[in-house]
Amino acid sequence: MNMKKHNFYAGPSILSEYTIKNTAAAVEDFAGTGLSLLEVSHRGKEFVAVNNEARALVRELLDVPDTHEIVFLGGGASLQFCMAPYNLLNLKAAYLDTGTWSSKAIKEARLFGEVEVVASSKDRNYSYIPKDYAVSPDSDYFHITTNNTIFGTEIHTIPETSVPLVADMSSDIFSRPVDVTKYSLIYAGAQKNLAPAGVTIAIVRKDALGKVNRPIPSMLNYQIHIDNDSMFNTPPVLPIYAALQTLKWYREQGGVPALQKKNIEKATILYDEIDRNRLFRGTTAVEDRSLMNVCFVMYDEYRELESAFGEYAASRGIVGIKGHRSVGGFRASLYNAMPRSSVEVLTEAMQAFEKTI
């Protein structure tokens, strides 16, 4: 019998059993059609219903107002690094640099106009969120990355600004309530809190579009995708179907507020153990700790034991905790589908390993 696995991978990452089971069943027989989900027309009424229901559930769970439209896109958040400025940057944009993905977004935006980096935490290896900065009021928008998967920091208080706000929420969307009215654009790759890799959500404020002077290619134009009900081209059918299952599961769990409560509980269990255990220490400013990606290392005097602890954890079915090379050590990703019981298995392994030293 295979040992139960506790999946802490940062992405693609854990999905609920509900999502996996229902998606697997649809791969065999989709909506009673006798055809696999993998081979049906995206224009057929059965999949059009999936696409519409999934977008409606995003609207319901995040309380998206009628001022905004929801579209499913390809290309991941990495394509949004280009697509956002293509559609929104006319002369100048402001960016907050809090990690690898925000710095990549800055690089892409510079192809379209002036980019002002209002603050950066690169000086301390992105271990904190900058707090004191000013955004030029003549900026077309201000871009933030709400959660930094690699470095384990998260923006817990959304900055107040007079300019339109754009956010990459790839790794914390649906983990906590969002005041969508404050944003002109929210985008998120699906492979952390929603679905298998291959689809990206964009929530676009309608009146933010049509203000740039450049022509925009159809595939990169938010308005084209909105006008075509997120069906301008063949969408990623399987990830969208899986996303619908996850969204249904979120609703069954009690919605985003209930998910946030569970996420706080899970993260607290692990951070408390990191702070208690004499072998480990966190790598980020305490006030900026992420609820989704918990980064930690061993104290210098125990650093040579990191590989031994990794093997010890693996022997207990714990997978995906190796830290990104930018930080080292360990990273435990606690996305919505991660059960509390798996976090407890990890903390128990940390306690047991400590006793062997």
Side-chain angles (χ1 to χ4, degrees), residues 12 15-77 79-80 83 87 169-170 173-174 180 185-206 209 216-256 259 336-337:
L15 291 168
S16 71
E17 291 181 12
Y18 180 99
T19 298
I20 293 172
K21 179 180 178 181
N22 289 344
T23 304
V27 169
E28 291 282 345
D29 182 359
F30 170 54
T33 61
L35 299 172
S36 169
L37 174 65
L38 304 178
E39 61 183 356
V40 297
S41 169
H42 64 291
R43 302 287 181 192
K45 69 179 188 300
E46 293 85 4
F47 184 74
V48 168
V50 167
N51 182 60
N52 290 340
E53 185 180 1
R55 289 185 296 139
L57 269 179
V58 171
R59 188 175 295 280
E60 175 187 327
L61 289 166
L62 293 181
D63 196 19
V64 179
D66 292 340
T67 51
H68 291 63
E69 294 286 356
I70 299 158
V71 288
F72 290 125
L73 305 168
L79 186 59
Q80 295 303 301
M83 196 166 169
N87 284 260
M169 294 190 183
S170 292
I173 196 166
F174 298 112
V180 176
L185 170 65
I186 295 169
Y187 62 87
Q191 66 271 20
K192 294 172 170 58
N193 250 348
L194 188 60
V199 69
T200 303
I201 291 179
I203 303 172
V204 191
R205 187 178 178 95
K206 290 181 280 191
L209 301 178
I216 304 173
S218 297
M219 271 297 287
L220 299 179
N221 191 329
Y222 291 120
Q223 192 63 58
I224 294 288
H225 291 281
I226 290 169
D227 291 344
N228 286 272
D229 291 326
S230 201
M231 285 271 203
F232 172 66
N233 68 316
T234 306
V237 171
L238 186 140
I240 292 173
Y241 185 86
L244 173 58
Q245 308 316 304
T246 299
L247 294 164
K248 287 180 175 179
W249 185 70
Y250 285 170
R251 186 167 59 183
E252 285 185 6
Q253 300 302 301
V256 174
L259 293 168
N336 289 339

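Just so it is clear, the model here is predicted, and its values are computed rather than measured.
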Taking all non-hydrogen atoms of both residues into account, name the closest pair between [X] and [Y] and its distance.
{"X": "Leu61", "Y": "Tyr250", "result": "CD1-CB, 4.0 Å"}
{"X": "Ala195", "Y": "Pro239", "result": "CB-O, 3.3 Å"}
{"X": "Leu37", "Y": "Phe30", "result": "N-CB, 3.6 Å"}
{"X": "Ala242", "Y": "Pro196", "result": "CB-CD, 3.4 Å"}
{"X": "Ala202", "Y": "Leu185", "result": "CB-CD1, 4.3 Å"}

side-chain contact (heavy atoms from CB on, under 4.5 Å) between Glu53 and Leu247, worked out: CA-CA 10 Å; Glu53 185 180 1; Leu247 294 164; over 6 Å; no

Which residues share a side chain to side chain contact (heavy atoms under 4.5 Å, CB included) with Leu38, sequence neighbours left out: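 Residues passing side chain to side chain contact (heavy atoms under 4.5 Å, CB included) with Leu38: Val27, Ser36, Leu238.
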
With sequence neighbours left out, what residues match Val180 under side chain to side chain contact (heavy atoms under 4.5 Å, CB included)?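 Leu62, Val64, Pro65, His68, Val178, Ile186, Ile203.
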
Provide the full list of side-chain hydrogen bond (donor to acceptor under 3.5 Å, both in side chains) pairs with a residue in [range], sequence neighbours left out, each pair given once.
{"range": "residues 185-200", "value": "His143-Tyr187"}
{"range": "residues 224-243", "value": "Gln223-Asp227"}
{"range": "residues 37-52", "value": "Asn52-Arg55"}

Please enumerate all residues that pass side chain to side chain donor-acceptor pair (under 3.5 Å) together with [X], with sequence neighbours excluded.
{"X": "Arg205", "answer": "Asp207"}
{"X": "Glu252", "answer": "none"}
{"X": "Asn87", "answer": "none"}
{"X": "Ser16", "answer": "Thr19"}

Checking Val58 against Ile201 for the side-chain contact (heavy atoms from CB on, under 4.5 Å) test, could you report, in this order, the C-alpha distance in whole Å, the side-chain angles of both residues, the deciding distance, and whether it holds? CA-CA 9 Å; Val58 171; Ile201 291 179; 4.0 Å; yes

Hey, could you give me the [atom1]/[atom2] distance between [X] and [Y], rounded to the nearest 0.5 Å?
{"X": "Ile216", "Y": "Ile224", "atom1": "CD1", "atom2": "CD1", "answer": "9.0 Å"}
{"X": "Leu194", "Y": "Gln245", "atom1": "CG", "atom2": "CD", "answer": "11.0 Å"}
{"X": "Tyr18", "Y": "Gln253", "atom1": "OH", "atom2": "CD", "answer": "10.5 Å"}
{"X": "Leu259", "Y": "Trp249", "atom1": "CG", "atom2": "CH2", "answer": "6.5 Å"}
{"X": "Ile226", "Y": "Leu209", "atom1": "CD1", "atom2": "CG", "answer": "5.0 Å"}
{"X": "Asp66", "Y": "Arg59", "atom1": "CG", "atom2": "CZ", "answer": "6.0 Å"}

Could you tell me which residues satisfy salt bridge (Lys or Arg N to Asp or Glu O under 4.0 Å) with Lys206, sequence neighbours excluded, listed by chain and number?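 Residues passing salt bridge (Lys or Arg N to Asp or Glu O under 4.0 Å) with Lys206: Glu69.
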
Among all residues two or more places apart in sequence or in another chain, which pass the salt bridge (Lys or Arg N to Asp or Glu O under 4.0 Å) test with Glu17?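 Glu17 satisfies salt bridge (Lys or Arg N to Asp or Glu O under 4.0 Å) with no residue once adjacent residues are dropped.
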
